[in-house]
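Both backbone and side-chain heavy atoms feed into the values below; hydrogens, waters and symmetry mates do not. Chain letters run A, B, ... following the sequence lines, proteins first, then strands; residues in each count from 1.
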There are 2 protein chains.
Amino acid sequence: MHDNCERVDSIQLEKLLQKVPDPESITRMAAVFQALQSDTRLKILFLLKQKDMCVCELEQVLSVTQSAVSHGLRTLRQLDLVRVRREGKFTIYYIADKHVRTLIEMCLEHVEEKA
Amino acid sequence: MHDNCERVDSIQLEKLLQKVPDPESITRMAAVFQALQSDTRLKILFLLKQKDMCVCELEQVLSVTQSAVSHGLRTLRQLDLVRVRREGKFTIYYIADKHVRTLIEMCLEHVEEKA
DNA sequence: TGAATATATGAACAGCTGTTCATATATTAA
DNA sequence: TTAATATATGAACAGCTGTTCATATATTCA
């Protein structure tokens with residue numbers, strides 16, 4: 001660990017640090033991004049973006065086990081990225097809100113821009 | 001692996017699947033979100049959002065080693081989330097573009113909404 | 001040139017993630 | 001109630017991540 005370089009202005013840095021979201025928010029954000037960091041879960045979101053679906057349908061489209069889909073959905077649900085409703089014997093999942101759509105659209109634009 | 005539930009309409013699902021971004025884009029998105037999934041890297045972005053900074057300054061603010069900051073920045077740089085310019089002996093990092101700002105702002109709104 | 005400062009990189013290790021398998025629970029229909 | 005369908009959950013294992021330590025490279029200044 002070494003000391004300040006000449007650019008460092010501790011007082012200014014302190015002020016900038018205060019505008020960084022509190023540790024709890026940062027950790028929650030990290031958890032959200034962490035949930036968005038899996039191919040399978042991203043595909044789930046792009047599918048749900050088009051149509052509310054039950055686990056069966058998702059399992060059919062993605063080529064993973066029912067268990068994997070269910071685990072993935074749980075992760076997304078816990079962070080309120082998707083929500084659930086019951087329809088008879090089916091559990092229907094859907095995108096939670098606008099934020100989620102914006103997040104994945106922004107990211108898609110970003111990666112497509114340099115493709 | 002079991003078969004279709006009664007809700008499954010293979011033809012419709014096939015169409016929906018086609019609208020999911022191609023595997024390469026999905027993987028790149030996953031990589032971007034993966035980069036955003038660390039407390040340290042998120043803090044870096046919220047700091048750079050306010051002011052372009054050299055590694056020293058970031059090291060000073062966050063409580064991690066210079067090595068950790070540098071590794072974190074490399075990850076962000078490789079995904080074009082931050083960019084670099086040289087200023088004499090300093091390497092100045094800055095947020096790459098609007099997308100990045102929107103991504104972290106969207107996510108912050110999302111987590112703060114339910115706090 | 002040599003010393004000091006600023007940054008990058010590689011190795012290595014502890015801890016976390018995503019998948020599958022096996023099984024449990026919940027709902028419907030017979 | 002029983003069988004069948006739909007979904008959830010726990011264990012376990014392979015693979016990945018982030019940090020630190022040690023060291024290398026690059027730039028400035030004397």
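Heavy atoms of B/G72 sit nowhere under 4.0 angstrom from any nucleic acid atom. Heavy atoms of A/R7 sit nowhere under 4.0 angstrom from any nucleic acid atom. Among the atoms of the strands shown, none is found under 4.0 Å from any heavy atom of B/T75. Looking at heavy-atom distances under 4.0 Å, A/S38 makes contact with sugar-phosphate atoms alone, never a base.
Both B/A68 and A/E6 sit near DNA chain C, but only A/E6 has its closest nucleotide nearer the 5' end. Across the interface with DNA chain C, nearest-nucleotide mapping of B/R77 and A/Q34 shows B/R77 to be the residue nearer the 5′ end. Mapping B/S67 and A/E57 onto DNA chain D by nearest heavy atom places A/E57 closer to the 5' end of the strand.
The side chain of A/T65 lies closest to C/dT20, out of C/dT9, C/dT20, C/dA6. Residue A/R74 has its side chain nearest to D/dG10 when only D/dG10, D/dT17, C/dC21 are considered. Across D/dT7, D/dT17, C/dT9, the shortest atom-to-atom separation from the side chain of B/H71 is found for C/dT9. Taking every side-chain heavy atom of B/Q37 into account, D/dG18 is the closest of C/dT7, D/dG18, C/dG18.
With hydrogens and angles left out, the side-chain atoms of B/Y93 and B/R77 include a donor and acceptor closer than 3.5 Å.
Counted within 6.0 Å of NZ on A/K98, heavy atoms from surrounding residues, nucleotides or ligands total 12 or fewer; the atom is thus considered open.
Judged by atom type and distance alone, A/Q66 reaches the base of D/dA8 through a side-chain donor-acceptor pair under 3.5 Å.
Base-pair partner of D/dA24: C/dT7 (Watson-Crick or G-U wobble, both distances under 3.5 Å).
Note that CD of B/Q12 and CD of A/E57 are 7.0 Å apart. Values are rounded to the nearest 0.5 Å.
Taking every heavy atom of both residues into account, A/F33 and B/L36 meet most closely at CD1-O, 3.2 Å.
Counting to the nearest Å, the C1' atom of D/dT7 and the CD1 atom of A/I44 are 13 Å from each other. Between the NZ atom of A/K89 and the C1' atom of D/dA4 there is a distance of 8 Å, given to the nearest Å.
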